Amino acid sequence: MKKFLKPIEPLLDKGLNTAESFIHTHRKVNFFFGAVFEAFDGLIRNPKETAQSPPFIRHNYDVKRFMGAVLVALVCGWVLPAIYLYGWQCVVPKLIVSFVAGVFIADFLWVIIAREEHIAEGGFVTCLFIPAILPPQAPLWLIGLGAALAIIFRNILGGVGNNLVNPALFSRLFLTICFPAFLVTGYQMPLIGTQGIHTVPQGLDAVTHATPFTAFKTSGEVASYLSLLLGTATGSLGETCRLALILSGLWLIKVKVANWRVPVSYLGSVFIFSVFFSLILGKAVAPPFFQLLSGGLILGAFFMATDPITTTYNQTAKWIFGAGCGFITVLIRDFTTLPEGVMYAILLMNLLAIPIQSLMVKIRYRL
Amino acid sequence: MKKETMGFKGGFHLLDAYPLPFCTIIDEISSDGAPEQFQFPVTGQKIEHVIVNLCPTEPWALPNWVILKHKTAAFLSMLKEIKTSYFSDARFHLAINEKEDRAVEDAVNFARAEDWIKVIPLCAKYPQDDPVILAQVLLGMDVSFGQDIKSLGILIVDAQTVSAMYEQGIMRKDVNSRYVVLSGTGLRENEIIRAELGTSVEKILKNKVKDASTCRVFMNGPLRGKEISDFSQKIDWSVNNIVVFEEKSRKVLFPMFKADELAFTTSLLGELRRCVYCNFCDDICPVDLEPALYYHSYIRGEKHKARLYNMGKCIECGLCSFICPSKLELLKIIRECKALDKHE
Ligand code: SF4
Ligand code: SF4
């Protein structure tokens, strides 16, 4: 790679420098192409800013690597297993549509209209979540709409660093309200009935199946734990292969991108509360291990609840945040007719994170 | 002896992250005028605790072997003579890098027969050698940043000061030169020199800098030290090292394949962003503060509020700015808010 790049580097560098100086000398162009240029420039070159105040040496770790780690974990956690389980014809078009609608249309238009400084790479992470949390048979237009909504919603709140709730989950909430039919049905068994490429645009072709949790609610039948772990049970596109999700989630924790307190407290409290409720109510509520392994809990606990921007900053408050997520998840799963509670739990706790954070700061510093 | 696991939360292994090779040749540089004299560090105050710091945590600081020359026992008997003539009723604490096995072994063997000295092997994690942290970890005393610790009866000396005290106080020799470590990407070679006190920085760096127009010079390291622009400045006893960095103020193509080229320069190594609440800054903070709170108070225009969050405890080690992936100038903000405190 290095050898191959060496001869063309000066050429590229020179061309880019000319483009850059052109944009800087023609101020009017800046708001139209400048941001787009800078976004691409930012991907291949490092900025020229140097430290002007102490410390004069900085660590080689920036937000790009931070987001890159999340992308790598997501690809290993759900994209590769989903391609194996549902076939590439199902997964790849969805990813392309999601990226095109989210990053290349919604984000670019926003940057141009709102005259933002640059495009943040956080959009890739959000758009990689969208197909994962929708059913395998969701039509492509639904995915595109979801991605665009998520990005626009995030940008309205002020972009990466200012978002109040997880944009991908907010977009799914919106889709659940507007198009309930697609989100309640549309779950197919993996490894069978791989979709032909012609059925992808319309969706809803192969035989659909109830998700394990809906099946439990209607007939009380508990899916085998092994099938839940390995991903041969039904579920949203990205949440089925829980083994891969757990492994890549642990890797994220190891590289310190995800804070270990959130998944530990989230999964722990789901376990504790479901043990508690099944001791009281017996067979009427789902058993603890089934709760842990079904639905989007693993994906939510390792990848969505840990999104650093929408949790609390204080480390002790993260325990409360995770425990609250677990409690609401169990409540919704056990006592409402809704099939899944992870989305609502995380969204609600995202909002509650703000009062929790200010309360913890007040307690800690005795204000 | 049981290995003591003392330490503090946070910190960063700078020595592992930036290994700096030094050649062993030591140049001598003399000043133009008459060299200044070493000042004995205590005058009058009563000293109860002497901390001998043999645990440099910054890669650009003077390594132990230059002074100890791998003869720890000889160094310690020097220390004993200093104690009997000057600090007869003080307790000595020897903070030593636990990775230097031989030195630790020698010191422990020596201390077995003596009751005035205690050897404490420490993990060389920056900022372990900060006075506040040393006093807290070794003596369990709460010292605040910027306080005059000599008035509390604590004296912190490094290896070089010990040997100078010995030469001046016991051998009655003139001490007018010290070791200075020169390192950094802006230099042709990392080296250790012996310079007379009062030599100008310009003279020390002569013929050693690669390209004078793209260099920045820092005294006492890029983390805690200060930048110098006036090269006629003279070296005094407080100058431990001079670091010269290349100023990488141009864009570099494909930075992910060029980590070596960019490391150890003044480059920010990333874009300025908003805070992403990643918790890196409070994980690394050695005194358990939450620097992002200061940043948020600051951008909301509430500098006075930032001071409520225990800001006085900050030892200005600079690690929070160092690690922040959004490249926020946290240390600058902290200093600005602290300065506000003094005006009132
Ligand atoms: S290290 Fe920087 S980006 Fe991360 S929480 Fe602290 S201030 Fe925010
Ligand atoms: S500069 Fe202050 S706040 Fe930042 S890491 Fe060091 S002690 Fe903590």
Side-chain angles (χ1 to χ4, degrees), chain A residues 1-2 5 8-10 12-13 16-17 20 38 41-68 118 120-122 158-162 256-257 259 261 307-315 318 353 357 361 364-367, chain B residues 12 17-18 216 218 221-227 243 245 247-259 262-280 282-283 290 292-293 296 308-310 316-319 321-327 329 331-332 335:
Chain A
M1 184 72 182
K2 232 173 167 173
L5 287 174
I8 57 162
E9 248 170 34
L12 263 170
D13 220 7
L16 284 168
N17 280 328
E20 192 187 8
E38 252 155 49
D41 192 26
L43 284 181
I44 56 168
R45 296 196 297 171
N46 81 320
K48 59 172 178 243
E49 281 81 28
T50 52
Q52 294 306 328
S53 58
F56 298 101
I57 183 169
R58 300 296 164 96
H59 196 255
N60 181 15
Y61 200 104
D62 61 349
V63 178
K64 254 183 219 111
R65 266 176 70 181
F66 196 85
M67 296 293 181
H118 46 231
E121 62 289 310
V160 180
N162 275 3
K256 286 181 112 185
V257 169
N259 198 306
R261 291 169 182 84
D307 172 11
I309 299 158
T310 53
T311 60
T312 59
Y313 170 64
N314 187 288
Q315 309 252 21
K318 281 187 201 290
Q357 163 73 17
V361 165
R364 182 166 172 191
Y365 299 105
R366 307 215 164 71
L367 295 181
Chain B
F12 188 81
Y18 302 103
R216 286 168 77 186
F218 308 100
L223 268 163
R224 271 188 296 199
K226 54 180 193 294
E227 178 163 10
V243 177
F245 274 164
E247 173 91 335
K248 273 272 190 282
S249 62
R250 60 184 188 83
K251 298 200 168 190
V252 175
L253 203 59
F254 304 118
M256 35 293 198
F257 304 117
K258 290 184 185 161
L262 284 166
F264 225 57
T265 64
T266 53
S267 170
L268 280 189
L269 295 160
E271 267 168 55
L272 200 66
R273 291 287 167 87
R274 272 197 213 105
C275 171
V276 294
Y277 304 87
C278 59
N279 287 104
F280 285 6
D282 63 313
D283 272 342
E290 296 180 313
L293 293 181
H296 290 289
L308 297 176
Y309 307 131
N310 278 356
E316 302 192 4
C317 65
L319 277 179
S321 297
F322 169 76
I323 203 79
C324 178
S326 305
K327 311 291 165 190
E329 302 282 1
L331 184 57
K332 194 177 156 204
R335 289 207 171 134

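Per chain, numbering begins at 1; letters A, B, ... match sequence-line order. What you see is a predicted model; the values in this text were computed from it and never measured. In what follows, every heavy atom counts, from backbone to side chain, and hydrogens, waters and symmetry copies are set aside.
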Tell me, side chain or backbone of [X] under 4.5 Å from chain A's heavy atoms, or both, or neither?
X	result
B:Cys317	neither
B:Arg224	neither
B:Phe218	side chain
B:Glu227	both

Below 4.5 Å, heavy atoms only, C-beta onward: do [X] and [Y] meet side chain to side chain?
X	Y	answer
B:Phe280	A:Phe66	yes
B:Pro222	A:Pro55	no
B:Leu293	A:Tyr313	yes

Residues A:Asp62, B:Lys327; criterion side chain to side chain contact (heavy atoms under 4.5 Å, CB included); working and verdict
CA-CA 7 Å; A:Asp62 61 349; B:Lys327 311 291 165 190; 4.0 Å; yes
Looking at B:Glu329 and A:Arg58, is there a salt bridge between them, counting it only when a charged N and a carboxylate O are closer than 4.0 Å?
yes
Go through the atoms of [X] and report whether side chain, backbone, both or neither lie under 4.5 Å from a heavy atom of chain B.
X	answer
A:Asn314	both
A:Lys64	side chain
A:Arg366	neither

Tell me if the aromatic rings of A:His59 and B:Phe12 count as close, with their centers under 6.0 Å from one another.
yes
If only side-chain N and O atoms count, and only distance matters, is there a donor-acceptor pair under 3.5 Å linking A:Tyr365 with B:Glu290?
yes
For chain B, find which of A:Val361, A:Ile309, A:Thr312 contributes the most heavy-atom pairs closer than 4.5 angstrom.
A:Ile309
Is there a side chain to side chain contact (heavy atoms under 4.5 Å, CB included) between B:Phe245 and A:Ile57? Walk through the geometry before answering.
CA-CA 9 Å; B:Phe245 274 164; A:Ile57 183 169; 4.0 Å; yes
Heavy-atom pair with the smallest gap, counting every atom of B:Ser326 and A:Val63
OG-CG2, 3.6 Å
Nearest heavy atoms of B:Cys278 and A:Pro308, plus distance in Å
CA-CB, 4.2 Å
Ranked by heavy-atom pairs below 4.5 Å to chain A, first place among B:Arg335, B:Lys332, B:Arg216 goes to B:Arg216
Taking side-chain contact (heavy atoms from CB on, under 4.5 Å) as the test, write out the residues that go with A:Gln315, two or more places apart.
A:Asn259, A:Arg261, A:Lys318, B:Asn279, B:Asp282, B:Asp283
For A:Asn162, all residues meeting side-chain contact (heavy atoms from CB on, under 4.5 Å), sequence neighbours excluded:
B:Arg274
In Å, rounded to the nearest 0.5 Å, how long is the span from CG of B:Leu269 to CZ of A:Arg65?
9.5 Å
